[in-house]
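Everything numeric in this text was worked out from a predicted model, so none of it was measured.
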Amino acid sequence: MESYSLSGKESLGIELGSTRIKAVLIDENCNPIASGSHTWENKYENGYWTYSLDDVWKGLQDAFAELNRDTSEKFGSIIKKLSSIGFSAMMHGYLPFDKNGNQLAEFRTWRNTTTAEASSELTKLFNFNIPQRWSIAHLYQAILNKEEHVKDISYLTTLAGYVHWKLSGEKVMGIGEASGMFPIDSEMNDYNAEMLDKFSGIEAVKQYKWEVKEILPRVLLAGDNAGFLTKEGALLLDPSGNLEAGALMCPPEGDAGTGMVATNSVSVKTGNVSAGTSIFAMVVLQNQLSQVYEEIDMVTTPTGRPVAMVHCNNCCTDLDYWVSVFSEFAKASGSGLTKPQIYDLLYNKALEADADCGGIVNYNYFSGEPVAHLQNGRPLFARTLNAAFNLANFMRAQIYSTMATLKIGMEILEKENVQLDCLMGHGGLFKTAVVGQRLMAGAMNTPVAVMETAGEGGAWGIAVLAEYAAHNNGKPLEDYLDEQVFSKYKSSVIEPYAEDVSGFKEYMRLYKKGLAVQKSAADIL
């Protein structure tokens with residue numbers, strides 16, 4: 001790439017993840033050419049997991065500045081002009097604003113499990129699963145709580161929608177992200193009109209002057225024009241004033257949609273699993289499920305196809321804490337091992353373990369886990385009396401715990417006879433070659449593929465959607481990805497090992513029995 005020079009025809013994708021804001025710059029052929037990032041963390045304040053909007057802008061500006069440092073080193077210039085831009089973020093949550101654009105309540109993220117009453121009532125009313133994370137559940141819970149700010153709501157959006165609005169002036173939403181706010185009618189590619197009417201008909205809702213349809217973002221599909229970067233928006237992203245206004249903006253999407261794009265999993269019978277702070281699997285369906293399941297979210301691809309989503313709040317956080325303990329020990333011992341080397345060493349040790357972890361079980365629940373029907377979480381490590389307690393089994397149990405709750409949800413899809421040719425893996429769990437991929441294949445009893453683009457993740461995915469919005473020439477997204485993006489990338493596929501399948505099955509038997517202990521730990525400790 002040393003001979004490359006910035007032309008202004010590049011596209012930018014930025015994704016605000018749970019622990020990192022990442023910016024990826026791509027050329028006209030969707031090749032990633034530069035990147036920048038910013039590390040951040042949610043806070044637990046006043047009973048909610050949240051991020052301040054000041055931290056959002058500091059993080060975005062820092063990630064963009066680091067991206068510019070990367071382009072300066074590689075190409076001798078900073079970014080002044082862009083063809084198109086896309087923003088993505090953690091799905092769901094609650095960001096309400098009044099008519100003057102003032103924030104009315106703290107940003108309540110996907111991680112909160114404070115909307116059980118609203119979630120349950122709306123699921124019954126709609127005969128459609130409304131998870132606790134969804135924006136409409138947060139809104140209705142605020143109504144049930146009689147929160148004062150609700151009467152002043154003029155606009156309700158998500159983190160991706162908020163950033164897009166501030167940079168373009170447009171109150172819009174990609175359909176995949178919108179499907180995590182309110183149920184979507186995949187025939188009409190818009191919010192479900194019948195369910196909007198049902199919500200408006202609730203007695204507690206009738207007291208407000210606003211109509212729910214009017215306070216939600218307008219729904220757009222992948223490839224649609226979602227506005228342009230304004231002068232004010234350019235300065236928000238790049239306070240130096242070097243970035244020009246005018247870049248086309250694609251519809252903002254959630255990390256689920258960008259994960260589907262980044263793994264080329266937008267066609268029927270394809271699926272992907274994203275494993276980082278949270279873990280979720282998405283399977284593009286041939287047919288709708290036969291009934292409503294509270295463990296399964298029904299969302300859509302960025303083009304509106306129905307998708308079954310199993311979303312678990314907890315994945316790698318607990319594992320990362322344990323690796324940090326081993327890193328401390330390595331440092332105290334005088335070892336020169338770096339943290340990435342320690343990750344690789346410990347992950348690979350897990351392949352030497354007993355397939356069932358030898359009687360060891362781990363619960364990685366930092367927060368509540370609706371798929372496991374647990375309101376609160378408490379990290380918990382347990383072992384049977386005669387467990388084979390060694391480093392290999394310990395590490396395999398840690399990795400298994402990242403995917404155990406996901407398996408509970410995927411078992412429902414198995415019973416529904418949902419067909420799945422392969423799962424595309426991406427996220428931190430797959431950074432160490434082979435290990436996470438092989439253990440996931442055994443756990444899900446499905447081939448798991450990892451592409452060489454997996455490390456770029458959702459930020460690259462939203463950059464691709466931005467490039468697609470600018471230059472799709474009417475081509476369907478599925479064809480565009482197959483022909484113009486992924487034809488040049490290699491992927492490695494691992495088939496399930498028989499011993500891993502049976503071993504994980506035994507681990508799950510113990511795991512499910514121990515969920516009662518996990519519940520008690522959360523209640524008592």
Side-chain angles (χ1 to χ4, degrees), residues 91-92 122-131 133-137 139 156-158 160-161 171-202 211-226 250-254 256-261 265-272 281-294 296-311 412-413 416-420 465 468-469 472 474-482:
M91 283 181 77
H92 318 296
L122 291 177
T123 296
K124 287 173 189 165
L125 178 69
F126 296 159
N127 191 31
F128 185 99
N129 183 35
I130 303 295
R133 303 180 308 283
W134 282 29
S135 306
I136 195 64
L139 174 62
L156 177 63
T157 188
T158 64
K171 295 179 177 178
V172 298
M173 187 75 72
I175 193 167
E177 174 79 334
S179 71
M181 292 192 77
F182 194 93
I184 291 289
D185 179 344
S186 281
E187 296 292 321
M188 303 299 293
N189 286 331
D190 203 350
Y191 302 115
N192 186 295
E194 184 184 346
M195 295 181 195
L196 287 170
D197 289 343
K198 284 183 177 179
F199 186 82
S200 297
I202 298 171
E211 278 289 330
V212 63
K213 177 72 186 284
E214 292 170 5
I215 65 172
L216 291 172
R218 185 163 53 91
V219 178
L220 297 176
L221 301 181
D224 286 347
N225 179 328
C250 73
E253 266 298 348
T258 59
M260 282 187 263
V261 171
S265 306
V266 296
S267 304
V268 294
K269 292 172 68 178
T270 64
N272 79 91
M282 313 200 58
V283 180
V284 186
L285 299 177
Q286 290 176 291
N287 304 296
Q288 294 283 359
L289 301 181
S290 67
Q291 65 184 81
V292 176
Y293 297 96
E294 62 179 294
I296 308 289
D297 301 9
M298 290 305 302
V299 292
T300 76
T301 68
T303 57
R305 288 186 184 275
V307 172
M309 177 182 188
V310 181
H311 185 290
I412 294 169
L413 297 185
E416 281 273 351
N417 296 314
V418 169
Q419 294 183 343
L420 183 60
L465 284 173
Y468 175 71
N472 63 67
K475 186 172 283 193
L477 180 63
E478 295 87 341
D479 295 345
Y480 178 86
L481 293 177
D482 280 342

**Q** Just to verify, what does Thr270 make a side-chain hydrogen bond (donor to acceptor under 3.5 Å, both in side chains) with, not counting sequence neighbours?
**A**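 Once residues adjacent in sequence are excluded, Thr270 has no partner under the side-chain hydrogen bond (donor to acceptor under 3.5 Å, both in side chains) criterion.
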**Q** Below 4.5 Å, heavy atoms only, C-beta onward: do Leu122 and Phe182 meet side chain to side chain?
**A**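 No - every pair of side-chain heavy atoms lies 4.5 Å or more apart.
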**Q** When you look at Val418 and Ile412, which way does the side-chain contact (heavy atoms from CB on, under 4.5 Å) test go after all the steps?
**A** CA-CA 9 Å; Val418 169; Ile412 294 169; over 6 Å; no
**Q** Can you list the residues that meet the ring pair (Phe, Tyr, Trp, His ring centres under 6.0 Å) rule with Tyr191, with sequence neighbours excluded?
**A**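 Applying ring pair (Phe, Tyr, Trp, His ring centres under 6.0 Å) to Tyr191 gives none.
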**Q** Who passes side chain to side chain contact (heavy atoms under 4.5 Å, CB included) against Leu221, sequence neighbours left out?
**A**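 Here the qualifying residues are Ile175, Asn189, Asp224.
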**Q** Do the ring planes of His92 and His311 sit parallel (below 30°), tilted (30 to 60°) or perpendicular (above 60°)?
**A**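 Correct class here is perpendicular.
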**Q** Decide yes or no for Pro183 and Met298: does some side-chain heavy atom of the first lie under 4.5 Å from some side-chain heavy atom of the second?
**A**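 No. Closest side-chain heavy atoms not under 4.5 Å.
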**Q** Taking C-beta and beyond as the side chain, do Val268 and Leu285 meet within less than 4.5 Å on heavy atoms?
**A**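 The answer is no; the side chains never approach within 4.5 Å.
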**Q** Taking all non-hydrogen atoms of both residues, which atom of Ala308 and which atom of Leu413 are closest, and how far apart?
**A**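 That closest heavy-atom pairing would be CB-CD2, 3.9 Å.
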**Q** Any donor and acceptor pair, going by atom type alone, linking the side chain of Thr300 with main-chain N or O of Ser179 inside 3.5 Å?
**A**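 Side chain of Thr300 to backbone of Ser179: no pair is present.
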**Q** How would you list, by chain and number, every residue that makes a side chain to side chain contact (heavy atoms under 4.5 Å, CB included) with Ala222, sequence neighbours excluded?
**A**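 In terms of side chain to side chain contact (heavy atoms under 4.5 Å, CB included), with neighbours along the sequence ignored, Ala222 is linked to Pro302, Thr303, Leu465, Tyr468, Leu477.
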**Q** What are the two closest heavy atoms between Phe126 and Met195, and how far apart are they?
**A**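 Minimum heavy-atom separation between Phe126 and Met195: CE2-O, 3.3 Å.
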**Q** When you measure from the side chain of Glu253 to the backbone N and O of Gly176, does any donor-acceptor pair fall under 3.5 Å?
**A**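 A pair under 3.5 Å: yes.
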**Q** Test of understanding: with salt bridge (Lys or Arg N to Asp or Glu O under 4.0 Å), list the residues that count as partners of Lys475, not counting sequence neighbours.
**A**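 Once residues adjacent in sequence are excluded, the partners of Lys475 under the salt bridge (Lys or Arg N to Asp or Glu O under 4.0 Å) criterion are Glu483.
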**Q** Under 4.5 Å between any side-chain heavy atoms of Trp134 and Asp297, yes or no?
**A**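 In short, these two side chains touch, coming nearer than 4.5 Å.
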**Q** Heavy atoms only: give me the nearest Met282-Ala256 pair and the separation to one decimal.
**A**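 It is SD-CB, 3.2 Å.
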**Q** Could you check whether any side-chain N or O of Ser186 sits under 3.5 Å from a backbone N or O of Gly304, counting only pairs where one atom can act as donor and the other as acceptor?
**A**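 Confirmed, Ser186 side chain pairs with Gly304 backbone.
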**Q** Could you list the residues that satisfy side-chain hydrogen bond (donor to acceptor under 3.5 Å, both in side chains) with Glu478, not counting sequence neighbours?
**A**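 Result, side-chain hydrogen bond (donor to acceptor under 3.5 Å, both in side chains) vs Glu478: Arg305.
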**Q** Which heavy atom of Pro251 sits nearest to which heavy atom of Gly174, and what is that distance?
**A**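 Heavy-atom minimum between the residues: CB-CA, 3.6 Å.
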**Q** Are any of the side-chain heavy atoms of Pro217 and Met181 separated by less than 4.5 Å?
**A**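 When only atoms from C-beta onward are counted, Met181 and Pro217 do touch, with a gap below 4.5 Å.
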**Q** Less than 4.5 Å apart, side chain to side chain, heavy atoms only: is that true for Arg218 and Leu220?
**A**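 In short, these two side chains touch, coming nearer than 4.5 Å.
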**Q** Taking the side chain as C-beta and beyond, is there a heavy-atom pair between Glu177 and Pro252 under 4.5 Å?
**A**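 Glu177 does not reach Pro252 side chain to side chain.
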**Q** What distance separates Ile136 CD1 from Leu196 CG, expressed to the nearest 0.5 Å?
**A**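 Here the rounded value is 8.0 Å.
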**Q** Quick one, Val284 and Val266 - any side-chain contact, counting heavy atoms below 4.5 Å?
**A**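 The answer is no; the side chains never approach within 4.5 Å.
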**Q** Taking only residues two or more places apart in sequence or in another chain, which ones pass side chain to side chain contact (heavy atoms under 4.5 Å, CB included) with Ala137?
**A**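 Partners of Ala137 under the side chain to side chain contact (heavy atoms under 4.5 Å, CB included) test: Thr115, Ile130.
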**Q** Name all residues meeting the side chain to side chain contact (heavy atoms under 4.5 Å, CB included) criterion together with Glu214; count only those two or more places apart in sequence or in a different chain, and write none if there are none.
**A**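 Checked Glu214 against side chain to side chain contact (heavy atoms under 4.5 Å, CB included); matches are Glu211.
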**Q** For Asp185 and Asn192, indicate whether the former's side chain and the latter's backbone hold a donor-acceptor pair under 3.5 Å.
**A**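 No, because the side chain of Asp185 does not come within donor-acceptor range (under 3.5 Å) of the backbone of Asn192.
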**Q** Just by distance, do the side chain of Glu416 and the backbone of Ser290 share a donor-acceptor pair under 3.5 Å?
**A**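 A pair under 3.5 Å: yes.
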**Q** With sequence neighbours excluded, what pairs up with Tyr293 under the ring pair (Phe, Tyr, Trp, His ring centres under 6.0 Å) test?
**A**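 Tyr293 satisfies ring pair (Phe, Tyr, Trp, His ring centres under 6.0 Å) with no residue once adjacent residues are dropped.
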**Q** In chain order, what residues pass the side-chain hydrogen bond (donor to acceptor under 3.5 Å, both in side chains) check against Ser265, with sequence neighbours excluded?
**A**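 Listed in chain order: Thr263.
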**Q** Show every salt bridge (charged side-chain N to carboxylate O under 4.0 Å, His left out) that has at least one partner inside residues 186-199, sequence neighbours left out.
**A**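 Sorted result for residues 186-199: Asp190-Lys213, Glu194-Lys198.
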**Q** Please report the interatomic distance CG(Leu156) to NZ(Lys171), rounded to the nearest 0.5 Å.
**A**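 Spacing of CG (Leu156) from NZ (Lys171) equals 11.0 Å.
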**Q** Does Thr123 have any side-chain hydrogen bond (donor to acceptor under 3.5 Å, both in side chains) partners at least two apart in sequence or in another chain, and if so, which?
**A**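 So Thr123 forms no side-chain hydrogen bond (donor to acceptor under 3.5 Å, both in side chains) with any residue.
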